[in-house]
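Have a look at the structure below, then the notes.
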Amino acid sequence: MQLQVARIGKPHGIRGEVTVQVLTDAPGDRFVPGTEFVVEPASAGPLTVVSARWNKDILLLGFEEIGTRNEAETLRGAKLFIETEELDEDDDEGWYEHELVGLEARVGSNVVGKVAALNTGTAQDLLMVTTPDGDEILVPFVEQIVPEVNIEEGYILLTPPAGLFELNAEAEAAPAEPEGKA
């Protein structure tokens, strides 16, 4: 099985470097020279890292196979994957998105939706839960709100603050304010 670790953004400079959206909590281990990535779409890869550097808070990668800005432009939006056999299976510090997507979201014994995605952020991660009505609710992925993740039995247990699910539903149901009057 493959695990997505990044998505390629726009080219940077004229020598074929690209910006990447990092989707791993260990970029220092994943983006080292010599690392080969499986790429989606497959026609863009595989790609081998020759340089990795930070420009402020943006990771810039150079690949052996890409030497010009025009070649780098063809990679925009491509996804970078590693084989999961490379991962430490004893790591109990967190979960990967592919492990969480599809799990039932429960409050007590009531099913309130399914996990649709994991949005990683610099401050905290958010679980996107799709309710049976089709609403998308962003739930902070912190221990106080998600005290239990049970991969084997296929659910996460939530203890959401009052109004978390209702707040998003009300925002979608509220009529739009008029833009302005002439």
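Rounding to the nearest 0.5 Å gives a distance of 11.5 Å between CD1 of I151 and CD of E153. Distance check, rounded to the nearest 0.5 Å: OG1 of T68 to CD of E73 gives 10.5 Å.
The side chain to side chain contact (heavy atoms under 4.5 Å, CB included) search around Q144 returns V142, not counting sequence neighbours. Listed by chain and residue number, E17 satisfy the side chain to side chain contact (heavy atoms under 4.5 Å, CB included) test with S51 (two or more places apart in sequence, or in another chain). Take E71 and apply the salt bridge (Lys or Arg N to Asp or Glu O under 4.0 Å) test, not counting sequence neighbours, and it matches no residue. Contacts of F81 classified as ring pair (Phe, Tyr, Trp, His ring centres under 6.0 Å), with partners at least two apart in sequence or in another chain: none.
The closest side-chain heavy-atom distance from P33 to V50 is not below 4.5 Å. Under the 4.5 Å side-chain criterion, counting only non-hydrogen atoms from C-beta, R30 is in contact with I82. The shortest side-chain heavy-atom distance between L126 and M128 does not fall under the 4.5 Å cut-off. Looking only at side-chain heavy atoms (C-beta outward), L80 and V39 come within less than 4.5 Å of each other. Looking only at side-chain heavy atoms (C-beta outward), N150 and I156 stay at 4.5 Å or farther from each other. The shortest side-chain heavy-atom distance between L47 and L75 falls under the 4.5 Å cut-off. The shortest side-chain heavy-atom distance between V5 and V22 does not fall under the 4.5 Å cut-off. When side chains are defined from C-beta on, R53 counts as touching H12, because their heavy atoms get closer than 4.5 Å.
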Return a table of donor-acceptor pairs under 3.5 angstrom between the side chains of residues 100-112 and protein atoms on other chains or two or more places apart.
| residue | atom | partner | partner atom | Å |
| --- | --- | --- | --- | --- |
| E104 | OE1 | R106 | NE | 3.1 |
| E104 | OE1 | R106 | NH2 | 3.1 |

Show which side-chain atoms of residues 54-67 pair as donor or acceptor with protein atoms under 3.5 Å away, not counting sequence neighbours.
| residue | atom | partner | partner atom | Å |
| --- | --- | --- | --- | --- |
| E65 | OE1 | T48 | N | 2.9 |
| E65 | OE2 | T48 | N | 3.3 |
| E65 | OE2 | T48 | OG1 | 3.1 |

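When all heavy atoms of F31 and A52 are compared, the pair lying nearest together is O-CB, 3.1 Å. Of all heavy-atom pairs between V20 and A6, the closest is CB-CB, 4.3 Å. Shown here for R69 and G13, the closest heavy-atom pair between the two residues is NH1-O, 3.0 Å. The nearest pair of heavy atoms linking T159 to P147 is OG1-CD, 3.9 Å.
No more than 12 heavy atoms of other residues, nucleotides or ligands sit less than 6.0 Å from atom CZ of R15.
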* **Stepwise side-chain contact (heavy atoms from CB on, under 4.5 Å) check, V146 with L127** => CA-CA 10 Å; V146 187; L127 289 174; 4.2 Å; yes

* Trace of the side-chain contact (heavy atoms from CB on, under 4.5 Å) decision for T130 with D135 -> CA-CA 6 Å; T130 303; D135 293 331; over 6 Å; no

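Tracing side-chain contacts under 4.5 Å through hydrophobic residues (I, L, V, M, F, W, Y), one never reaches V149 starting from L157; they form parts of separate clusters.
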